[in-house]
Enquirer: 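Pasting in a structure now, in structure tokens, and then I'll have a few things to ask.
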Amino acid sequence: MTSKTHSKRLILVAVVAVSASTAISVFIWRKIKGLERSLNSALQKCAAERQGRIRAQQALREALAQPHSENVEHTSYPMASIGVVHSCFSTRNGTPRQPLIVPLARACLVFDASRVPPASLEGLGEYSHCWIIYVFHLNTDLEKLWKHPSKSKFKAKVRVPRLKGERMGVFATRSPHRPCPIGLTVAKVEAVQGNMVLLSGVDLVDGTPILDVKPYLPYCDSIHRATVPEWVKVDNILAIASISFSEGFFSTLVDCWDIIENKSLYASPDEFQSLIKEVLSWDIRSVSQRNRPHESLIKMGNGNALGNTSDLDDDQDEEQVPIPSECIIYHLILEGVDVSYRIDFNDNVIVEKAKISSEFSSSNRNRCNYLMWREQLN
């Protein structure tokens, strides 16, 4: 092979190599350009979606700021309860008006597992107390919430127990009857297990829906030099002079204990009696009951015996019979146990007896795992 032929072949190989390299470069360049276009398109799409979300959020906020909008879906926040409280208080009557004043008041907060995974509660048990945001679900005026403001007859002032029934602006009180029936309370965290939180010192009635739970932070939640009106400081208005139990009370409580023991948040009849004493150490009667004259006109009709007078109506056809206030029987229902008691002229409480409430159902009361409390007690 001549040197001239060899040179031609080398040139040909070089040309082929350059051509291949050029083709690869062109292919890579086109690929890069395609990726750049895809990336730019994706970025533009993300930006458009973000702008769309921002505009949608702005539109929603504007709609929510218009309370008279006809579109109900856009005039309320999409809030639902995330859990429910199972407490020792079977009814509103007797449930403390403030938290922590009855240390033995226990409850189990059970979260909805479909909305709140157990991991959400990690770390909560390291706090001593927590804030609980809830709904006043047993208010007697809840139907007003669905009425037009002009027809809801919202009361700007409410009767205050510490003011002997005098009225005060609702936002200067903790009354449950509010434009939005949302409550705020604090409770002691006893334990956290799975999707349940054991609480004490509660002022929550059984079945209360829970909206949120937040840890209590002393460094910012406890306000140094905070002030309150003088009427808030008056404690003797709700004070009880003494509490005593009738001779046969404990035996009736033991009879009830045989029925509620396996579902109770308490370890013994003695501890349950201590709960009763703590609850009744504050006057749990309504303002109207406390303001009732000591010689009350009690209505008697059709031979009916006297009972709890708090539910009596104003039927003028019934015979009105004067009766001393110490003969009026009041009722406190705890864990399905109906505790009857009297209050004499000097504000001494006499606890009469205990019986199972007619509304008690052993199949569904205190659906939380009471064994958790037993473990804590031991």
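Residues take their numbers from the sequence shown, with the count starting at 1.
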Enquirer: Do His331 and Asn93 have side-chain atoms, one donor and one acceptor, less than 3.5 Å apart?
Expert: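 His331 vs Asn93: no donor-acceptor pair found between side chains.
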Enquirer: Measure the spacing between CD1 of Ile333 and OG of Ser358 and express it to the nearest 0.5 Å.
Expert: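 With rounding to 0.5 Å, CD1 (Ile333) is 7.0 Å from OG (Ser358).
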Enquirer: Quick check against the 3.5 Å criterion: does Ser87 have a side-chain atom that pairs as donor or acceptor with the backbone of Leu204?
Expert: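 It does hold such a pair.
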Enquirer: Taking the six-membered ring for Trp, are Phe272 and Tyr266 parallel (under 30°), tilted (30 to 60°) or perpendicular (over 60°)?
Expert: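 Phe272 vs Tyr266 ring planes: perpendicular.
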Enquirer: Does Asn139 reach the main-chain N or O of Pro176 with its side chain, forming a donor-acceptor pair under 3.5 Å?
Expert: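 A pair under 3.5 Å: yes.
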Enquirer: When rounded to the nearest 0.5 angstrom, what distance separates OG in Ser200 from CG in Leu104?
Expert: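 Interatomic distance, Ser200 OG to Leu104 CG, rounded to 0.5 Å: 8.5 Å.
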Enquirer: Answer with yes or no whether the hydrophobic clustering places Ile356 together with Leu253; edges join I, L, V, M, F, W, Y residues whose side-chain heavy atoms lie under 4.5 Å apart.
Expert: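 Hydrophobic grouping puts Ile356 with Leu253.
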Enquirer: Could you grab the distance from atom CG of Asn195 to atom CZ of Phe111, nearest 0.5 Å is fine?
Expert: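 With rounding to 0.5 Å, CG (Asn195) is 8.5 Å from CZ (Phe111).
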Enquirer: Look at atom OH of Tyr127 and say whether more than 12 heavy atoms of other residues, nucleotides or ligands are closer to it than 6.0 Å.
Expert: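 At most 12 heavy atoms, drawn from other residues, nucleotides or ligands, come within 6.0 Å of this atom.
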Enquirer: Between Asp212 and Lys214, does any side-chain N to carboxylate O distance fall below 4.0 Å?
Expert: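 Salt bridge: yes.
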Enquirer: Identify whether the distance between the nearest side-chain nitrogen and carboxylate oxygen of Lys164 and Glu166 falls below 4.0 Å.
Expert: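 The answer is no: the pair does not qualify as a salt bridge.
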Enquirer: To check you understand the geometry: which heavy-atom pair defines the closest contact between Leu100 and His129, and what is its length?
Expert: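 Minimum heavy-atom contact is CD2-CD2, 4.3 Å.
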Enquirer: Does the structure place the NZ or CZ of Arg285 under 6.0 Å from the centre of the six-membered ring of Tyr330, at an angle of no more than 45° from the ring's axis?
Expert: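 Yes - Arg285 lies over the ring of Tyr330, closer than 6.0 Å to its centre and within 45° of its axis.
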Enquirer: Which value, rounded to the nearest 0.5 Å, describes the distance between Ser242 atom OG and Leu280 atom CG?
Expert: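 That separation rounds to 11.5 Å.
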Enquirer: Does a side chain donor of either Glu335 or Ser264 reach within less than 3.5 Å of an acceptor in the other side chain?
Expert: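 Yes - a donor-acceptor pair under 3.5 Å links their side chains.
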Enquirer: Salt bridge check, Glu271 against Arg106: does any charged N sit closer than 4.0 Å to a carboxylate O?
Expert: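 Judged by the 4.0 Å cut-off on N to carboxylate O distance, Arg106 and Glu271 do form a salt bridge.
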